[in-house]
Amino acid sequence: MSLATIEKTTRGAVAVRSVDKSYGTQQVLHEVNLDVAEGEVLVVIGPSGSGKSTLLRTINHLEKVDRGTISLDGELIGYKARNGKLHERREAEILAQRTEVGMVFQNFNLFGHLTALQNIIEAPIHARKIPKAKAVARAKELLARVGLADKADAYPRQLSGGQQQRVAIARALALDPKVVLFDEPTSALDPELVTEVLEVIRDLAKSGTTLIIVTHEIGFARDVADRIIFMDGGRVVEQGTPTQVLGNPQHERTKSFLSKVIEPAFNI
Amino acid sequence: MPPITTPVTDAEPDQHPAPEQGQPQTRQQGHKPAENSLAAPSQEQLADYKVVAATHPWRWVGTVIVAAIAAGILYSLLTNPRWEWGVVAQWFTAESILRGLGQTLKLTLISGALGFALGFILALMRLSSSPLFSSVSWTFSWIFRSTPLLVQLLLWYNLGYLYETIRLGVPFTSITFAEFQTTSLISQFAAAVLGLTLNQAAYSAEIIRGGILSVDQGQIEAATALGIPRWRRSTRIVLPQAMRAILPTAFNEIIGLVKGTSIVYVLAYSELFYTVQVIYNRTQQVLPMLLVATIWYIVITSVLSIAQYYIERHYSRGALRTLPPTPLQKLRRFLATHAVTKTAATSPKGQL
Ligand SMILES: Nc1ncnc2c1ncn2[C@@H]1O[C@H](COP(=O)(O)OP(=O)(O)OP(=O)(O)O)[C@@H](O)[C@H]1O
Ligand SMILES: [Mg+2]
């Protein structure tokens with residue numbers, strides 16, 4: 001089965017406007033501006049510490065921004081504009097907004113005491129109030145899509161890393177999110193397990209869900225991305241199509257980063 | 001066998017290179033004909049060898065010593081007439097004792113359950129980002145851990161002396177919703193439950209907080225990102241995983257509480273220990289009566305220890321790749337493999 005059966009294929013436009021974010025005195029995001037169109041697959045690359053994870057986390061309101069705004073389909077994340085002021089949303093509203101944004105973590109973060117199926121149905125039932133029978137049916141469908149129909153009752157520790165990440169992807173999809181954020185989904189995996197996870201994401205990319213993917217898999221980025229942005233020091237340094245950014249980078253920092261990532265053998 | 005005298009066959013030196021390395025100079029000295037058992041066996045031969053389990057001679061010595069000590073203690077317990085086992089047997093299931101036991105269990109159950117529930121709330125308050133909640137929780141634990149339980153119990157019981165009435169209303173105004181006589185409100189039982197519960201809450205809050213802190217932050221983050229509400233996050237995602245760290249200490253606390261309830265004898269509350277005291281003050285049979293109470297405490301603790309084993313096992317689901325067998329399963333497996341050794345070859349699975 002393909003993931004293309006997800007309904008409402010055009011939704012999930014993300015707009016990031018002049019976002020600043022600091023931890024203490026260290027500014028992690030500088031004036032970040034970014035528009036992700038409905039159904040676009042955006043890949044974020046950049047050296048360690050450049051603020052890629054932080055950017056993703058602000059989109060899910062796991063981190064508050066210091067300045068600037070982030071919106072999803074025109075609705076501000078975490079705030080409401082009223083009388084020229086930004087009012088913080090109530091917890092329930094923030095939770096509802098989060099269900100629109102799926103997130104897949106580097107370390108999977110599956111709930112260790114719950115089976116694969118229980119992991120997937122938890123949020124639909126308790127964050128979306130979907131009836132249990134319906135949530136279970138949907139979860140089984142998703143497990144089949146990621147090729148794990150027979151692992152519904154397995155606990156995360158009984159699964160390989162690649163299988164765990166595929167369950168985590170199914171869990172994120174169970175809420176029918178408008179946008180799915182991937183934070184280095186394959187960096188904790190052994191090389192031979194990377195492919196199976198990338199296949200699932202590739203399939204998802206064809207379905208028309210907006211995806212924002214942080215990855216170091218440059219080959220995969222070239223394949224799957226509609227657009228690539230390169231971040232360094234908390235700024236978006238360069239962006240464009242994969243051919244532009246990977247094939248003909250304009251900035252020195254992009255060039256040096258790519259030379260390290262693509263052909264590490266040449267940089268001893 | 002000393003290697004010097006090890007005879008090595010000259011006939012097939014190529015097939016048995018192993019002994020050759022150790023004593024090349026003795027090769028020519030071998031007078032005896034070759035023995036099969038000394039030649040290095042091939043892999044195929046080894047496959048047919050019978051396995052002889054490793055022996056643990058010191059384990060047997062230890063077992064004998066421990067058994068001797070245990071037998072000695074048991075013998076002295078059974079034969080020393082001053083233990084007065086007849087009296088123990090007579091009182092063990094006496095109605096007053098059972099009533100006291102019931103009260104002990106009731107106190108343990110109520111103050112244990114309330115104490116841990118309140119402790120859970122206090123732990124969440126302490127960990128919350130609200131400075132108000134966390135300081136209230138901290139202060140609570142500070143006060144109740146700093147005062148002796150005995151003092152707390154006596155204070156609660158004597159609340160009527162300190163405050164004759166308890167008024168529900170708006171402070172510093174005359175608005176009153178309800179008013180109670182303190183002495184009618186705080187019975188011995190209420191004082192006991194109040195004292196034990198609040199004290200237990202202060203301690204269990206720290207135990208639960210420790211358990212919560214041991215859960216990977218990524219779990220909370222994932223639950224948050226999924227939009228799962230805060231309370232559900234705490235009870236469904238964090239607490240069950242914290243349980244593994246909480247349970248061993250929590251059972252320590254509960255077992256402590258079972259015996260700790262005996263402190264409410266200061267309120268003349270007739271739980272097990274107080275009942276026993278009343279009886280031996282009358283009959284002067286101090287030691288056997290203490291033995292009655294002790295045996296009951298041992299029974300309760302044993303039941304709790306068994307419960308602990310299974311509850312811990314329950315919460316280790318998912319944390320271990322495969323759950324270890326329960327003692328019962330182990331016993332069945334042992335019996336199945338040992339009792340039917342003759343037929344074992346025909347039944348592929350040993351467990352029942
Ligand atoms: N909670 C935090 N408190 C303080 N500093 C933080 C925190 N989270 C991130 N940082 C800092 O912010 C910077 C950006 O971190 P971020 O995790 O976004 O980088 P990244 O681009 O995702 O790196 P990587 O590729 O290694 O994951 C880093 O310098 C990091 O040390
Ligand atoms: Mg990161």
Side-chain angles (χ1 to χ4, degrees), chain A residues 53 56-57 59-63 90-116 118-129 153-160 164 167-168 171-177 179-181 183 188, chain B residues 120-121 124-125 127-134 208 210-248 250 308 310-325:
Chain A
S53 300
L56 288 194
R57 293 164 58 81
I59 294 173
N60 208 352
H61 206 56
L62 285 175
E63 301 285 353
R90 285 180 297 114
E91 169 113 0
E93 288 176 316
I94 291 175
L95 289 176
Q97 287 191 325
R98 284 201 184 115
T99 64
E100 313 266 86
V101 182
M103 183 138 183
V104 176
F105 299 87
Q106 181 173 358
N107 301 316
F108 330 134
N109 289 344
L110 288 178
F111 306 132
H113 62 305
L114 301 180
T115 63
Q118 289 170 330
N119 261 280
I120 298 173
I121 62 175
E122 181 66 24
I125 294 177
H126 295 281
R128 274 274 173 78
K129 310 288 174 216
D153 296 323
Y155 287 99
R157 270 195 197 81
Q158 297 165 332
L159 299 172
S160 75
Q164 288 188 49
V167 172
R171 179 175 73 174
L173 294 180
L175 289 166
D176 269 327
V179 188
V180 186
L181 313 173
D183 192 359
Chain B
F120 177 56
I121 307 280
L124 290 184
M125 284 171 68
L127 292 169
S128 86
S129 53
S130 148
L132 174 69
F133 279 166
S134 99
I208 293 168
I212 290 175
L213 289 178
S214 76
V215 176
D216 177 22
Q217 188 64 27
Q219 297 283 310
I220 301 162
E221 201 156 80
T224 312
L226 285 165
I228 296 169
R230 195 181 289 263
W231 178 251
R232 180 81 189 166
R233 229 145 59 201
S234 305
T235 54
R236 173 69 170 166
I237 305 300
V238 178
L239 189 61
Q241 300 192 72
M243 275 301 201
R244 265 171 68 74
I246 292 173
L247 280 173
Q308 175 178 4
Y310 283 95
I311 293 174
E312 280 184 10
R313 196 168 181 278
H314 172 82
Y315 280 105
S316 66
R317 267 178 329 169
L320 307 171
R321 274 177 176 251
T322 46
L323 285 180

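Naming convention: chains lettered A, B, ... in sequence-line order (proteins, then strands); numbering from 1 in each chain.
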Can you tell which of B/Pro229, B/Ala223, B/Ala225 has the highest number of heavy-atom pairs within less than 4.5 Å of chain A?
B/Ala225

Measure the spacing between CG of B/Asp216 and CG of A/Asn109 and express it to the nearest 0.5 Å.
6.0 Å

A/His126 side chain to B/Gly227 backbone, donor-acceptor under 3.5 Å
no

Any side-chain heavy atom of B/Leu226 sitting closer than 4.5 Å to one from A/Arg171?
yes

Toward chain B, the part of A/Asn107 with a non-hydrogen atom under 4.5 Å:
neither

Does CZ in B/Arg230 sit with more than 12 non-hydrogen atoms of other residues, nucleotides or ligands closer than 6.0 Å?
no

Examine whether an atom of A/Gln106 lies under 4.5 Å from a heavy atom of chain B, and if so say whether it belongs to the side chain, the backbone or both; otherwise answer neither.
neither

Please classify the contact of A/Val104 with chain B as side chain, backbone, both or neither, using a heavy-atom distance under 4.5 Å.
neither

Taking salt bridge (charged side-chain N to carboxylate O under 4.0 Å, His left out) as the definition, give me every residue that meets it alongside B/Arg232, ordered by chain and number, with sequence neighbours left out.
A/Glu122

Which bit of A/Glu100 is near chain B, if near means a heavy-atom gap under 4.5 Å: side chain, backbone, both or neither?
neither

Value for CZ (A/Arg157) from CZ (B/Arg317), rounded to nearest 0.5 Å, stands at 13.0 Å

Proximity breakdown for A/Phe105 and chain B, heavy-atom pairs closer than 4.5 Å
side chain

If you take all heavy atoms of B/Arg236 and A/His113, which pair is closest and at what distance?
O-NE2, 2.8 Å

Can you run down the side-chain hydrogen bond (donor to acceptor under 3.5 Å, both in side chains) pairs that involve residues 219-229 of chain B, sequence neighbours left out, and say none if there aren't any?
A/Arg57-B/Glu221, B/Gln219-B/Gln241

Chi angles and distances behind the side chain to side chain contact (heavy atoms under 4.5 Å, CB included) call for B/Ile237, A/Leu114:
CA-CA 9 Å; B/Ile237 305 300; A/Leu114 301 180; 4.3 Å; yes

